[in-house]
Structure formats: structure tokens, C-alpha cells
Amino acid sequence: MQELQRIVDRAKRLVFFGGAGVSTASGIPDFRGGDGLYRQQFGELTPEMMLSQSFFYLHPDAFFAFYRQYMLHPGARPNAAHQKLAELERSGKLTGLVTQNIDGLHRMAGNRLVYEIHGTVHENACIDCGRPYSLEWLLGTQGVPRCEDCGGVVKPSVVLYGEAPDHYAMTGACREISRCDTLIVAGTSLSVEPAASCLEYFHGKALVVINREETPADVRASLVVRGDVAEVMGGIRV
Ligand code: NAD
Ligand code: ZN
């Protein structure tokens, strides 16, 4: 913790790169951690298959049943990690926040410099006419949500497996990572591409990894903290 505090104190441009582990303390399960969705059985199917672009188009009923049950957590609230990141942004130290999460909790905590490279459950749009719909609207529907104007399927603006990540968010994420002097990578197994490759843009001084399990970035890190993201981030003094 002392070493982490020293690194954060010295940082002039700090960027945070996070994954599902940032939100487990808010009650949202990750994929590959100890209680992750990958440990559960869904018959022959894996969460990766059910959250793929082809599954969405071929089996929209099953897609939405899975999506509603496992990916939507409307009651979840920001935890100590989200709150600390909002504080770090307000202080001017945090210059970018890159997340693979789709839960929208960083924005809810008050961060503005957020790059949601896998999109967000808060935005949805009709695949035929493009009309946008809110999460609240989607929660008020059942089964496959249909556009009120044209009857087209309303698709969540989240990046499904087989789809390209959000171009604007990805470009911004790589830009901020290439400009920062300090990068904190937390709560991610770094196994989803091309998200994980964003880290290749980092040429700063200090790379910190905070994760319960080993990650491929550990070997490059100046500091590896094996702990709970919410606890460790929450302990930083701004
Ligand atoms: P992942 O599930 O592959 O890996 C999560 C990592 O975080 C694991 O190594 C786990 O050990 C670690 N971890 C979990 N809780 C932790 C905690 N409290 N403290 C420290 N470490 C913790 O997640 P990923 O790398 O983000 O990839 C999963 C993909 O699935 C992402 O693309 C993401 O979009 C999506 N996803 C999003 C959410 C969300 O929005 N909250 C939840 C699940 C999956
Ligand atoms: Zn429509």
C-alpha cells in the first residue's frame, strides 16, 4: 500500500484500465474469477457463446433471457474503487479511465473521462431504424425487446463477442494510455482482445497491477498488488 501511495503521489497523468473485477464488490459477478460466470453450467453453451453476435441474431430469445438474468444489475451501486476513481478525476490526477465493463458504474460514480470500450447496458438501439432506448425502457419489456416505431429488435449497445470494439472509445483509450506516466490495471484477466492489447501503448514510468490472480501484465509491472480492488483502491489517499 505504501509503495502504491508513493506511485500515485508522484503521478502527473494517471490512467486506470479496469475489468469485471472492479465491479464484483458491487455484486456483479465477473467471468473468470472464483465465483465467475464461467464456473456455472449453461448446458452445452458458454457465456462467451451466448454473448456472441451470431447467437444474438440466431437465438434472440435465449440471448435476452441470458442477458437479462446475468448482465443486467439495475440495483448495483458504485463501490470504494469507483468512488476513489471519481475523486482522483476531480483532483485532476486521473486523465483517463478505460473500462471493459458494461455496467455504467464509473459514470454513476461521477467520472467523465470514461472510455467504455465494450459499450454500456445503459444504451440500446433498434437494429432497423436506430431509435435509441434507455435501460429503464428495456427493463420494462419482456423477452425480445421490439422497437415501438418499426418493430425491429432493440439491441443493447454492448460489444458482443465477434463484434469490433467501440472505435471512438478504443482510440481514446489508446491515446490516453500512450500519454500517461502511470497506469493502474485492475480486476481484469487481460484475456479479451483487442482490449488487452491497449496496454501495449503504455510507455510511461510506472505500471501497477491490482488483481486477485496472476495476469499476463504482471511480468512488466513495477508493482503487483494481490488484493481486492475495492479495498486497495479505496485505501489510496488523494
Ligand atoms: P474476467 O472475468 O476475465 O477477469 C476478472 C479478473 O478480476 C480475474 O482475474 C479475477 O481474479 C479478478 N477479480 C475479481 N474480483 C476481484 C476483486 N474484487 N479484486 C481483485 N481482483 C478481482 O474479466 P475481464 O478481464 O473484465 O473480461 C470479461 C469481459 O466480460 C469484459 O469484456 C467485460 O466487458 C465483460 N464483463 C463485464 C462485467 C461488468 O460490466 N461488470 C461483468 C462480467 C463480464
Ligand atoms: Zn425501429
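Atoms within a ligand are numbered from 1 in the order they appear, just like the ligands themselves.
- In this structure, a donor-acceptor pair under 3.5 Å is present between the side chains of Asn79 and Ser26.
- Contacts with ligand 1 closer than 4.0 Å are made by side-chain heavy atoms of Ile28 only, the backbone lying farther away.
- Looking at atom 23 (O) of ligand 1, its nearest protein heavy atom turns out to be Ala20 CB, 3.5 Å.
- Shortest non-hydrogen contact noted between Glu116 and Gly104 is OE2-CA, 3.9 Å.
- Closest to atom 12 (C) of ligand 1, if we only count protein heavy atoms, is Asn211 OD1, 3.4 Å.
- A 4.5 Å side-chain heavy-atom check between Pro156 and Phe64 finds at least one atom pair inside the cut-off.
- Ser189 and Glu213 form no side-chain donor-acceptor contact under 3.5 Å, judged by distance and modelled atom types alone.
- Annotation: atom 13 (N) of ligand 1 to nearest protein heavy atom, Gly21 CA, 3.7 Å.
- At a heavy-atom cutoff of 4.0 Å, ligand 1 is contacted by both the backbone and the side chain of Ser189.
- Distances shorter than 4.0 angstrom occur between a heavy atom of Gly227 and an atom of ligand 1.
- For Gly187, the closest heavy-atom approach to ligand 1 falls below 4.0 Å.
- Those atoms of ligand 1 that come under 4.0 Å of a heavy atom in Val192, given as number and element, are 27 (O).
- Closest protein heavy atom to atom 18 (N) of ligand 1: Asp228 OD1, 2.8 Å.
- His106 and Phe16 have perpendicular rings, their planes meeting at more than 60° on a 0 to 90° scale where under 30° would count as parallel.
- In terms of protein heavy-atom proximity, atom 15 (N) of ligand 1 is nearest to Thr24 OG1, 2.9 Å.
- When only modelled atom types and interatomic distance are considered, Thr99 and Arg107 share no side-chain donor-acceptor pair under 3.5 Å.
- Contact atoms of ligand 1 toward Thr188: 6 (C), 7 (O), 24 (P), 25 (O) (distance under 4.0 Å to a heavy atom of the residue).
- The closest protein non-hydrogen atom to atom 34 (O) of ligand 1 is Gln100 O, 2.3 Å.
- Rounded to the nearest 10 degrees, the angle SG (Cys126) to the Zn ion (ligand 2) to SG (Cys150) equals 90°.
- Closest approach of Arg237 and Asp9 over heavy atoms only: O-OD1, 4.3 Å.
- When hydrogens are left out, the protein atom nearest atom 37 (C) of ligand 1 is Asn101 OD1, 3.9 Å; that is the closest non-hydrogen contact.
- The local environment of CD in Glu193 is crowded, with over 12 non-hydrogen atoms from other residues, nucleotides or ligands closer than 6.0 Å.
- Contact of the Ser91 side chain with the Val238 side chain is registered, since non-hydrogen atoms from C-beta on lie closer than 4.5 Å.
- Under a 4.0 Å N-O distance rule, the pair Lys12/Asp181 does not qualify as a salt bridge.
- For ligand 1, the atoms closer than 4.0 angstrom to any heavy atom of Gly19 are 26 (O).
- Closest to atom 35 (C) of ligand 1, if we only count protein heavy atoms, is Phe31 CE1, 3.9 Å.
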>> One pair to check against ring pair (Phe, Tyr, Trp, His ring centres under 6.0 Å): Phe63 and Phe55. What are the steps and the verdict?
In response: CA-CA 7 Å; Phe63 171 88; Phe55 196 78; 7.2 Å; no
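- In terms of polar-atom proximity, Pro29 is not counted as a contact of ligand 1, lacking any N or O under 3.5 Å from an N or O of the ligand.
- An N or O contact shorter than 3.5 Å links Ile102 to ligand 1 by distance.
- A donor atom on one side chain and an acceptor atom on the other are found under 3.5 Å apart for Tyr38 and Glu48.
- Contacts between His118 and ligand 1, counted as non-hydrogen atom pairs separated by less than 4.0 Å, involve the side chain only.
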